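First up is the structure itself, then whatever we jot down about it.
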Amino acid sequence: MAGRLAVIGAGLMGSGIAQVAAQAGWTVSLRDLDQPAVRRGLTAIRTSLDRFAAKGTLTAEQVAVTLDRITPTTELEAAADADIVVEAVFERLDVKQEVFRALDRLCRPDTVLATNTSAIPITQIAAATQRPESVVGTHFFSPVPMMKLCELVRGLQTSDATLATARGFAEQVGKVCVVVNRDVAGFVTTRLITAFVVEAVKLVESGVISAEDLDTACRLGFGHPMGPLATADLTGVDVLLHAARNIHTDTADGKFVPPELMQRMVAAGQLGRKTGRGFYSYE
Ligand SMILES: NC(=O)c1ccc[n+]([C@@H]2O[C@H](COP(=O)([O-])OP(=O)(O)OC[C@H]3O[C@@H](n4cnc5c(N)ncnc54)[C@H](O)[C@@H]3O)[C@@H](O)[C@H]2O)c1
């Protein structure tokens, strides 16, 4: 069923989604705001594909064909003929709503408009359009080429047909889907990991336990492959801080109040692996 996909945002997630779709035969346009951002996305895709080739999972020809299927662009108009659009821009409601407002004007009436948000209710994003029934959450996981899960999220007005198209797309690019029937803030996976990380940071900042020991306890005690603080470093401390703020704003549930330490780390640019320092040092 491969068709035409437009990915909006060529960051960590957008480039990964563009890659797996192109590998599965989709014709992909990958849009970001400026040329350097688009180039960074393409470089990430090339690096990932080369790694698969070095392992023998892909041939050099498959790498070349996959790259050929991806057209980088700074023009949102490239989404006009897409069957599915997946938005993966910053985790901010105003930025996402602006993108969806424009997509609503540009795209065909039968185009499915998906968002890769990790915590913002789909219904709020869909409200920027005149076609909320065509808007759905497709929450992929990082790194997209490796992680098998796609959390499909229904907004209040998402139609069965839209959900089925999104599921077909996600399965065709190799993912296993779970369906979240109501778009509660944080859905299911982000809600669980955010609660877990926030509680872990509170224990560390109040001196109850060191970051290393807390992660060791979760790995050896629960069999988790990675502790919550190492996970926060991988995901981005800023991403989880945004998630905690969004969930707290939506639910007023005190357990999602962002700990002071997380707020100060983000202010200091200690965002995790991507800046070389988070709860651990990667320099
Ligand atoms: N990082 C993760 O592990 C993860 C996992 C699941 C979901 N998500 C969600 O995916 C989305 C993207 O996250 P990310 O980690 O890829 O972020 P990122 O910061 O790596 O990339 C975001 C990209 O969007 C671009 N952008 C911003 N406004 C744009 C616009 N109007 N049009 C086109 N491009 C625009 C930015 O220039 C940037 O390149 C967020 O909603 C995030 O919550 C992230």
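Read the numbers this way: they start at 1 and go in the same order the structure lists the ligands and their atoms. Because the structure is predicted, anything quoted here is derived from the model rather than measured.
For the residue pair Thr117 / Glu91, a side-chain donor-acceptor distance below 3.5 Å is found, with atom types taken as modelled.
For atom 4 (C) of ligand 1, the nearest non-hydrogen atom from the set Met147, Glu151, Met13 belongs to Met13. Compare His139, Glu98, Glu91 by their heavy atoms: the one nearest to atom 41 (O) of ligand 1 is in Glu91.
Looking at Thr129, its side chain does come within 3.5 Å of a backbone N or O of Ala126 through a donor-acceptor pair.
The protein atom (non-hydrogen) at minimum distance from atom 43 (O) of ligand 1 is Ser118 OG, 2.6 Å. Closest protein heavy atom to atom 1 (N) of ligand 1: Leu12 CD2, 3.5 Å. Counting only heavy atoms of the protein, atom 10 (O) of ligand 1 lies nearest to Asn116 ND2, 3.0 Å. Here the heavy atom of the protein found nearest to atom 19 (O) of ligand 1 is Phe90 CE2, 3.6 Å. Residue, atom and distance of the protein heavy atom nearest to atom 33 (C) of ligand 1 are Arg31 NH1, 3.5 Å. Taking atom 3 (O) of ligand 1 as the reference point, the nearest protein heavy-atom neighbour is Ser142 CB, 3.4 Å. Of the protein's heavy atoms, Gly11 CA, 3.3 Å lies nearest to atom 21 (O) of ligand 1. For atom 11 (C) of ligand 1, the closest non-hydrogen atom of the protein is Val89 O, 3.3 Å.
Residue Thr117 places no N or O, backbone or side chain, under 3.5 Å from any N or O of ligand 1. Of the polar atoms of Ala37, none of the N or O atoms is found under 3.5 Å from an N or O of ligand 1, judged by distance alone.
Checked for salt-bridge contact, Asp233 and Arg277 miss the test: no charged N lies under 4.0 Å from a carboxylate O. Salt-bridge check for Arg167 with Asp160: failed, with every basic side-chain N at 4.0 Å or more from each acidic carboxylate O. Lys274 and Asp238 are joined by a salt bridge, as a carboxylate oxygen and a charged side-chain nitrogen come within less than 4.0 angstrom of each other.
You'll find the side chain of Leu103 reaches within 4.5 Å of the side chain of Val99, heavy atoms only. At a threshold of 4.5 Å between non-hydrogen side-chain atoms, the residues Thr189 and Leu149 count as touching. Proximity of Pro228 to Leu214: side-chain heavy atoms (C-beta onward) are separated by under 4.5 Å at one or more points.
For Phe140, every heavy-atom contact with ligand 1 shorter than 4.0 Å involves the backbone, none the side chain. Here Leu234 has no heavy atoms under 4.0 Å from ligand 1, in either its backbone or its side chain. Contact annotation: for Asp32 versus ligand 1, heavy atoms closer than 4.0 Å belong to both the backbone and the side chain.
Within ligand 1, the atoms closer than 4.0 Å to a non-hydrogen atom of Ile8 are 32 (N), 33 (C), numbered from 1 in the order shown. Atoms of ligand 1 lying under 4.0 Å from at least one heavy atom of Lys96, given by number and element, are 40 (C), 41 (O). Against a heavy-atom cut-off of under 4.0 Å, Val99 is close to the following atoms of ligand 1: 31 (N). Residue Gly9 approaches ligand 1 through these ligand atoms, each under 4.0 Å from one of its heavy atoms: 24 (O), 33 (C), 34 (N). The atoms of ligand 1 that sit less than 4.0 Å from any heavy atom of Val95 are 28 (N).
Atom CD of Glu98 has 12 or fewer heavy atoms from other residues, nucleotides or ligands within 6.0 Å. Counted within 6.0 Å of CD on Glu77, heavy atoms from surrounding residues, nucleotides or ligands total more than 12; the atom is thus considered enclosed.
Each of Asp81, Thr27, Thr111, Asp83 was evaluated against Arg4; a single residue qualifies, Asp81, per the side chain to side chain donor-acceptor pair (under 3.5 Å) test. Evaluated for a salt bridge (charged side-chain N to carboxylate O under 4.0 Å, His left out) with Glu87, the options Lys96, Arg31, Arg92 yield exactly one hit, Lys96.
Ligand 1 lies out of reach of Gly236, whose nearest heavy atom is not under 4.0 Å from it. Assignment of Arg40 to the shell around ligand 1 is not supported, since no heavy atom sits closer than 4.0 Å.
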For the pair Arg40 and Asp34, evaluate salt bridge (Lys or Arg N to Asp or Glu O under 4.0 Å) and give the outcome as yes or no after the intermediate values. CA-CA 10 Å; Arg40 274 196 301 277; Asp34 53 32; 5.1 Å; no

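Using a 4.0 Å threshold on non-hydrogen atoms, atom 31 (N) of ligand 1 counts as touching the protein.
Of the inter-residue distances, the one linking Met147 atom CE with Ser142 atom OG reads 7.5 Å to the nearest 0.5 angstrom.
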